[in-house]
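What follows is one structure encoded as structure tokens, with my remarks underneath.
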4 protein chains.
Amino acid sequence: MPQAIEPKRKKATSAEKKRMILDAAKRVFEEEGLEGSSLRSIAAEAGYTPAALYFHFSSREEIYAELLSQSLHQLKDYIDQRVRKRETAGERFEEAAWSFFDFYNKNPEDLSLGLYLFRGGIEPQGVGRERNQKLNQELYDCLAPIAEAAEELGADKHLGQNLMARIFAHSTGILLLAHTKRIRLFEQDPEQMMRDYIEEQIKEQNWN
Amino acid sequence: MPQAIEPKRKKATSAEKKRMILDAAKRVFEEEGLEGSSLRSIAAEAGYTPAALYFHFSSREEIYAELLSQSLHQLKDYIDQRVRKRETAGERFEEAAWSFFDFYNKNPEDLSLGLYLFRGGIEPQGVGRERNQKLNQELYDCLAPIAEAAEELGADKHLGQNLMARIFAHSTGILLLAHTKRIRLFEQDPEQMMRDYIEEQIKEQNWN
Amino acid sequence: MPQAIEPKRKKATSAEKKRMILDAAKRVFEEEGLEGSSLRSIAAEAGYTPAALYFHFSSREEIYAELLSQSLHQLKDYIDQRVRKRETAGERFEEAAWSFFDFYNKNPEDLSLGLYLFRGGIEPQGVGRERNQKLNQELYDCLAPIAEAAEELGADKHLGQNLMARIFAHSTGILLLAHTKRIRLFEQDPEQMMRDYIEEQIKEQNWN
Amino acid sequence: MPQAIEPKRKKATSAEKKRMILDAAKRVFEEEGLEGSSLRSIAAEAGYTPAALYFHFSSREEIYAELLSQSLHQLKDYIDQRVRKRETAGERFEEAAWSFFDFYNKNPEDLSLGLYLFRGGIEPQGVGRERNQKLNQELYDCLAPIAEAAEELGADKHLGQNLMARIFAHSTGILLLAHTKRIRLFEQDPEQMMRDYIEEQIKEQNWN
DNA sequence: TATGAATGAGTATTCATTCAT
DNA sequence: TATGAATGAATACTCATTCAT
């Protein structure tokens with residue numbers, strides 16, 4: 001019986017260590033920005049030798065990809081949990097849009113991480129092709145509740161997707177301003193701006 | 001006599017050389033992305049030794065900052081010229097908003113450059129404090145025509161600034177999506193999205 | 001009862017496993033060259049963890065040494081079998097010389113292995129002192145049939161050894177040229193060269 | 001006038017430094033064998049930072065290639081000078097063959113270097129394709145005096161090349177034995193062996 | 001007997017920057 | 001104003017080996 005448990009335990013601690021490394025990576029990301037987050041610095045933060053990380057991840061990029069994937073899953077959970085509690089489609093639409101913004105507003109380290117996808121040249125780089133597609137899909141899934149609610153409210157597929165894109169764009173723009181504190185230039189409150197935008201969309205579609 | 005002319009000439013060519021280096025830097029930016037643009041590669045592209053650049057710029061960051069500054073000036077010129085041609089305040093508002101988006105949409109290398117300001121940790125880093133403020137001001141100046149037109153149309157100062165921030169945010173968000181080709185996920189046309197947003201703002205303020 | 005059998009079995013499988021590891025090592029040698037053959041790659045090819053190999057061999061060098069030893073035994077068997085079939089001493093001399101060359105010519109991976117002994121600085125390195133002497137003896141044993149046949153034909157001990165050395169040297173030189181394809185430079189056929197050399201020796205000693 | 005000299009001097013010292021690095025590399029080769037001769041170790045031996053070597057050579061392989069090329073040129077000079085002094089074609093043949101052997105026999109570090117060409121898998125590796133061809137040609141040039149003398153003595157082209165290959169092979173084989181001290185196994189004197197071989201060739205061709 | 005995790009030393013190469021000339 | 005040479009710190013990644021389990 002102990003033998004039956006042992007392997008499970010080992011797996012558990014292995015996963016735990018992986019998680020600890022990812023957490024360390026996230027901290028480095030947060031504190032030093034993307035440039036400072038080398039494999040070395042992540043290893044140091046995690047209390048490991050650089051070489052040790054290769055037992056848990058096959059390359060530096062894999063760490064980034066897993067970190068990002070984990071972040072997107074947390075975002076998805078955050079949104080799903082909140083949307084589920086809402087009763088009407090209108091409320092769900094509002095909640096889906098707001099919580100996307102809210103998650104990143106409250107977790108700036110995840111924002112840095114998320115924006116990693118939006119760096120580099122025309123094509124996102126530093127993450128392999130298939131990995132990139134997977135991440136794209138995960139991002140799409142986070143925003144899907146927006147389209148779902150919209151469709152319940154009578155929107156067609158194209159409008160649903162349009163609303164996903166709009167809300168993503170507006171959120172991201174505001175977060176970028178807020179995150180870099182440049183929003184002060186305009187003496188605006190990011191949360192208020194986002195609320196206004198969502199309300200505007202609802203009014204525009206005559207959903208209230 | 002030649003010696004009397006020399007200093008003037010030198011000053012003239014000095015500015016020219018500086019410009020040539022910046023142009024080279026922009027080309028490198030364009031071709032290799034921000035990450036690939038080392039001081040070395042800029043020097044090579046400009047036909048110089050890395051060490052030579054230090055006669056024109058005090059650090060790699062200064063090159064980036066000046067490049068960005070130059071880009072913001074070009075943006076400002078682009079917007080001003082187009083806004084000036086419009087007769088009514090309503091048209092000027094529309095033009096100011098559209099041409100901000102349009103400039104970056106057509107010049108993706110300037111977008112990469114502009115987003116450089118929005119990287120790093122919470123605080124914009126890699127650019128010194130006073131330089132950062134100067135760049136902030138230059139960005140503000142580019143968007144100012146939006147507020148000016150809005151105020152002509154009856155908006156108060158706060159609303160003017162709010163519109164600057166909104167349009168900046170929405171443009172940036174769309175450009176980010178378009179620039180990284182992730183907009184395909186949502187099957188949307190970035191230009192159409194931006195046009196719709198501007199129209200929405202005008203309708204919302206009852207300016208049409 | 002099963003426990004009583006176990007030790008015997010284990011011993012048997014232990015030798016088998018050792019052999020399997022050596023075979024894997026040889027394959028790696030063959031495919032990736034000597035430089036590419038790390039302990040890791042050998043372990044992977046053998047279906048083991050690197051650490052597991054340390055139960056069978058005390059170091060990476062020991063694997064090389066045993067592999068080499070095994071190769072020299074195969075060479076010895078190859079030569080002995082063929083020499084035994086020859087009836088006259090003259091034929092045996094010819095066969096001993098030719099089959100030494102022939103074995104390596106047909107088994108280039110064994111040649112790489114054999115040349116491993118002839119690398120490093122002035123002193124053969126990477127193989128311990130006593131191991132080196134053992135390998136020397138094994139090499140000597142492979143060439144011994146040459147001297148034996150020569151002595152039967154009337155050569156004294158010194159001439160016998162001289163012929164061993166000559167034939168070893170000439171074979172090795174030709175194989176080196178052939179193995180690295182540099183023999184093309186001289187537009188020669190390695191097998192013909194070796195045959196000529198052996199014939200020359202026989203003529204020189206007036207053994208035909 | 002001093003200005004006219006300056007650039008020359010600089011070039012000279014630059015070449016000198018290059019040479020000093022190559023000398024250091026040769027020493028490392030000699031002392032630590034090929035495996036020990038990393039860029040780091042060469043730099044250390046030369047009294048430089050690893051990075052500094054990149055001002056003089058574009059890669060580690062270039063250092064190896066230049067070292068090898070330099071060694072082959074020295075070999076060629078050694079042979080040419082000695083052959084030139086001989087009056088009859090017969091003497092030139094003998095000298096060309098002997099001095100090839102003699103050079104490597106007296107300069108074991110050059111032998112290690114030369115054997116570098118004969119390592120790796122079937123195809124020589126670690127040196128680029130065109131570099132490899134150049135080195136091949138240089139090796140051929142070193143041996144060319146053998147064929148030239150042979151042709152003067154009436155050999156056709158094929159026989160000339162055959163003699164080059166034979167002498168190369170025999171020399172190399174003996175050197176390998178001597179270099180690794182395995183020649184002791186056979187209680188032979190390498191120089192005598194080589195002399196005997198050359199004499200044999202001359203007798204065989206009836207050139208004496 | 002075997003593994004997974006870890007280390008420490010090592011690999012070549014790149015970087016921004018400095019400095020004597 | 002410009003260069004060539006140099007540095008020191010950094011980059012990701014590999015290696016043989018060890019050890020607790």
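Every chain is numbered from 1 and lettered A, B, ... according to where its sequence line falls, protein lines coming before strand lines. Note: hydrogens, waters and symmetry copies are ignored here, and every other heavy atom, side chains too, is used.
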B/I21 CD1 - F/dT1 C1' separation (whole Å) | 11 Å

Based on Watson-Crick and G-U pairs with both distances under 3.5 Å, what dot-bracket line describes DNA chain F 5' to 3', crossing pairs as [ ] and inter-strand pairs as |?
-> .||||||||||||||||||||

Any side-chain heavy-atom pair from A/Q70 and A/R19 closer than 4.5 angstrom?
-> yes

Sequence neighbours excluded, which residues qualify as side chain to side chain donor-acceptor pair (under 3.5 Å) partners of C/R40?
-> none

Heavy-atom closest pair (B/L135 atom, B/L72 atom, distance to 0.1 Å) is O-CD1, 3.9 Å

List the protein contact pattern of nucleotides 9-14 of chain E with one symbol per nucleotide (5' to 3'): B for base contact, S for sugar-phosphate-only contact, - for none; contact means a heavy-atom distance under 4.0 Å.
-> --BSBB

B/A52 or D/L53: which one's nearest nucleotide on DNA chain F is closer to the 5' end?
-> B/A52

Atom CD1 of A/I63 to atom P of F/dT11: distance rounded to whole Å?
-> 13 Å

Determine whether C/Y48 and C/K17 make a side-chain contact, defined as any pair of heavy atoms from C-beta on separated by less than 4.5 Å.
-> yes

Over all atoms of both residues, closest heavy-atom pair of D/F29 and D/S37 = CE1-OG, 3.9 Å

So, is A/H56 near the phosphate of E/dG4, with a side-chain N or O under 4.0 Å from OP1 or OP2?
-> no

Distance-only polar pair, side chains of B/S59 and B/Y54, donor-acceptor under 3.5 Å | no

Examine E/dG4: is either OP1 or OP2 under 4.0 Å from a nitrogen or oxygen in the side chain of A/K17? Give yes or no.
-> no

Between C/K18, C/K26, C/R60, C/K134, which is the residue that forms a salt bridge (Lys or Arg N to Asp or Glu O under 4.0 Å) with C/E66?
-> C/K18

Return the value, rounded to whole Å, for the distance between atom CZ of B/F55 and atom P of E/dT18.
-> 12 Å

When every non-hydrogen atom of C/L113 is compared with those of C/S71, the smallest separation belongs to CD2-CB, 3.9 Å

Given atom CD of C/E16 and atom C1' of E/dT1, what is their separation to the nearest angstrom?
-> 15 Å

Closest heavy-atom pair, A/G36 versus A/V28, reported as atoms and distance to 0.1 Å, is O-CG1, 4.0 Å

Which nucleotide in F/dT3, E/dA6, E/dT3 has an atom nearest any side-chain atom of A/Y48 = E/dA6

Please state how far atom CZ in B/F57 lies from atom C1' in E/dT17, giving the value in whole angstrom units.
-> 16 Å

